[in-house]
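Basis for what follows: all heavy atoms, side chains included, without hydrogens, waters or symmetry-related copies. Numbering of ligands and ligand atoms starts at 1, following listing order.
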Amino acid sequence: MWAPNLESLLQLAILLRSSMAPHQEERKAAMDALESFKIQPEFLNYLCYILIEGETSEALESHFSAQELQNNRATAGLLLKNTMLDGDNFTKGIHDIGYVKANIIHGLYNSNSALVTNVTGIVITTLFSTYYRQHRDDPMGVQMISNLVELALNGSESSMKTLSKIMEDSAQFFQLEWSGKIKPIDSLISCFLDITANGSTTAVNRAESIKCLNTVIPLQPRSFSVRIDEFLNSLFQLAQNDDSDDVRVQVCIAFSGLLKFRPDKLVDNLVGLIHFMLHLISTVKEEKVSIEACEFIHSFCTDPNIPEHIIQPFVTDIVPVLLTKMVYNEESILVLESSNDDDASEEDKDEDIRPAAPRIVKKQRGDGESSDDDDDDGDSGIDESDVDTQWNLRKCAASTLDVMTNILPRDVMYVAFPFLKEHLNSERWFIREATVLALGAMAEGGMKYFDDQLPQLIPFLVEQLQDLWAPVRKITCWSLSRFAPWILKDHTEFLIPVLEPVIGKLMDRKKDVQEAAISSVAVFIESCDPELVETVLYDELLNSFNRCFEFYKKKNLIILYDAVSRFAEKVELDERAMKVLLPHLVNKWSSLPDNDKELWPLLECLSYVATSLGEKFMPMAPDVYERAFRILCHCVELEANSQQDPTIVVPEKDFIITSIDMIDGLVQGLGSQCQPLLFPPIGDNTLLQVMLQCLQDPFHEVRQSTFALLGDIVYFFEPQLLASTLSQFLKFIGTEIMHNDDFDGIPALINAIWCLGLISERINLGEYIIDLSRVLLDLFAAQGQPQDSAVLENLAITMGRISITLPEVFSNGIFASDAMWNRWCNALQDLDSLEEKSSAYMGFMNIVNLVGDHVAISNETLKNIIRGLSINVDPTPFAQSIYTFLMKHAERIQGLKFSQEEITFLQQFSGN
Ligand SMILES: *[C@@H]1O[C@H](CO)[C@@H](O)[C@H](O)[C@H]1NC(C)=O
Ligand SMILES: *[C@@H]1O[C@H](CO)[C@@H](O)[C@H](O)[C@H]1NC(C)=O
Ligand SMILES: *[C@@H]1O[C@H](CO)[C@@H](O)[C@H](O)[C@H]1NC(C)=O
Ligand SMILES: *[C@@H]1O[C@H](CO)[C@@H](O)[C@H](O)[C@H]1NC(C)=O
Ligand SMILES: *[C@@H]1O[C@H](CO)[C@@H](O)[C@H](O)[C@H]1NC(C)=O
């Protein structure tokens, strides 16, 4: 059995004490000395010894005070954990951990120090997540689990807490076979079920054991399924009798988990369950309990497997509870009441600002709509003030009301309306506030049914913008924006009466209200027709932005940039806009250093403004480009160097992304005019080299933006620019299409495909076409997992574009089939870009004509092709090819049914 050398033990303990010393120099010296200890094979055993035997070792006791020893033990434990976590060395096995494995568990019970016990638990958890996961054949792992189980069954809370942490980290690994073909999950489940059912154990143990089972529910192992009724029984018992908040939280989570994975087990008890949850929401003071209960209701309403008619009978019970709980809780009310004073002239503190936070809407080519990072899931707009930044009952209730109204608008309104009407004019501001919140939450789902109510409600809401209480003004800005679709669709008579007062609130004396107002204005701009913005709102918005730029402090400026971006994206900015907006942006731009994160939203905004101003931006372009390019090069260089030198601090990726987007904004705005800027006539193609490096970046967004820039360069500039780098770019495009199967990487994939299509239209792909067309086709024809529709659409466009010149690559092999052609047409059915759809069909008709009689075209596909050609396609450049096709199938076409649009299209060709 391993035992420490006493001298080394003392030396290490003294170093540990020094490593926590108040003097920096002493600390530093101790840290350095510890580094040399770290590579000793027995280092971890020593640390473990100090952690678990610190109080029993005479050598230690005689040298340290009791307090010192306790700290020393905790320090040793944390260092042990950290060394296991971060050392390559640990996984390489340079350390002997025999002593640790055999003895660490003693630390759970041989100390009166809660700190030592807790640290021991953490070390054990880490031992499982690092070592045992990879060494499941080590019998000590199974042994340790069985020891922990035994202790937990005997009532040990520290063992139970440790098991709970281990399960949280590693539950799925216990389903595998460990040493001796044992699947530890079985004995663990049995242990947790027993403790859950054991009325004489502590509440902590019951809560933790249910928590453990909650990690098991999604895995659905057999040993759980066979005892699931037993579990349910315990849960119902506890729901009735246990008044521990921790237990109740876990009980609610368990029911939510079962609802999702084993709804069959709950259907018969739904009435009881819903009432139990509503009871908790209404009566329990502890918010973490009521949140989980509300989460259950939320899951119940959103679960795709639960049909509406099951939910409907509960509406009358649920809605009133939700409405009452949307009022700020007492604490928040106190905070808000004490901070209602105007603060518009106070500077923002730097730590309050999260420049990464505003939605930087990434440009996405091809199909812009499908994955706009629009996190608008109903609750995103609900509140962000200081008291309200975390998920809370109020938000959960609002979000649940939102989804319920979407499912059962009539029923919800029927219950909610009388209630809300009664409180609209409450004396108490927080009741008025909650009422406005509720109306906003119900807006989306209830839109259709609001028709006869809104003419009275809207003026009421607008009036609330003048409330003395800032939270009411704030929520009203948000609520009104939720009605934007309704107003803009059929009730434009409300647009000015609503938007004007909201614009007025841009200059509110309270910063929170400014923020809500600018976000609300941004929503209106985004949902509005360009013509409407241009004719009715243009001047007013411009003037307000102008004032905001002078009035706003840092934090709201960032949100203002976002609103200006949307404005610039929606309308073409004119001279006046340039005079008003540019000076503000340029001033800011000059005042920020290259490494300031505030540059991100500003660059993003400038890039939209540049795109929108077009040529008018030219005078600014050289300075803007030079700086964006400098930042880009600097970051890319640091990245590259950091590969060799890990001490280099790599700047955040957003510097790279926003600089590329800025350059892309220039290309889109200025077109070929800015080619000399990006590619000086002396043949400097540094930009392309930098882009090649960016395409190797593991961050999807870096590649996404780079492919977008590449596409625009190809589109607007002379194609020869790419000559010397073409093969490398094509290689990265191929890699992206073949290997990016990450869901979050879809926008990068789309941009790569889109970009390839543009390249193929302008540059001869030569020898690369064989491989690239195969890669495209593989993805296009991939069976199995449902394809993202935007990916499919872009694949279809690019295949079409390639076939304008090279139809033969798709005219034999798997694409030469009726089913594939049908799939191709379907992929494009929602495409509304005339240019893209025309190019795509031009190439496609080449393929179809080339294949000729080898494919027997079905009536369905025939109709599909004609439908595709008749909408959003300019047939002029390939009329001959369409004519050939139609002639060939003329007889059959005669017998098919067509829509008016299709008939009009066909008539153009019948005269020929
Ligand atoms: C790993 O061991 C090497 C020497 O073998 C040492 O230089 C290095 O600092 C150790 N790494 C860590 C993270 O402890
Ligand atoms: C240790 O204490 C922390 C803080 O109280 C707690 O979050 C953690 O779960 C505890 N860990 C164990 C294993 O008991
Ligand atoms: C179980 O706990 C009791 C008291 O808490 C203790 O005396 C006994 O030794 C424990 N048994 C085991 C097997 O750990
Ligand atoms: C219930 O738990 C206690 C320890 O908390 C234990 O002593 C007792 O044996 C358990 N009862 C059953 C039936 O397992
Ligand atoms: C296709 O349409 C023609 C009429 O144009 C019809 O005669 C033929 O039966 C149809 N074929 C099928 C398989 O429905």
If you apply the rule side-chain contact (heavy atoms from CB on, under 4.5 Å), what do you find for N846 with S881, and how did you get there? CA-CA 7 Å; N846 287 347; S881 150; 4.1 Å; yes
Take F231 and F224 through the ring pair (Phe, Tyr, Trp, His ring centres under 6.0 Å) test and state the conclusion after the steps. CA-CA 9 Å; F231 182 44; F224 177 69; 5.7 Å; yes
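Within the 4.0 angstrom cut-off, atom 7 (O) of ligand 2 has no protein heavy-atom neighbours. In this structure, atom 14 (O) of ligand 5 is in close contact with the protein, since a protein heavy atom lies within 4.0 Å of it.
Counting the atoms of ligand 2 from 1 in the order shown, those under 4.0 Å from a heavy atom of K161 are 14 (O). The ligand atoms of ligand 4 that sit less than 4.0 angstrom from a heavy atom of N154 are 4 (C). Counting atoms of ligand 5 from 1 in the listed order, those under 4.0 Å from a heavy atom of L896 are 2 (O).
Given atom 9 (O) of ligand 5, the protein heavy atom at minimum distance is N859 ND2, 4.7 Å. Protein heavy atom in closest approach to atom 10 (C) of ligand 4: N198 ND2, 2.4 Å. Of all protein heavy atoms, the one closest to atom 5 (O) of ligand 5 is R892 O, 2.6 Å. Protein heavy atom at the shortest distance from atom 1 (C) of ligand 2 is N118 ND2, 1.4 Å.
Side-chain rings of Y841 and W824 approach one another, their centers coming within less than 6.0 Å.
Ion pair D186/R222 not flagged as a salt bridge, since none of the NZ, NE, NH1 or NH2 atoms sits closer than 4.0 Å to an Asp/Glu carboxylate oxygen.
For a threshold of 3.5 Å applied to N or O pairs, the pair formed by T162 and ligand 2 contains no separation below that value.
Geometric assessment of R823 against the ring of F780 yields a positive cation-pi assignment under the 6.0 Å and 45° thresholds.
A distance of 7.5 Å separates CG in L235 from OG1 in T196, rounded to the nearest 0.5 Å.
No donor-acceptor distance shorter than 3.5 angstrom exists from the side chain of S164 to the backbone of M160, with no hydrogens or angles considered.
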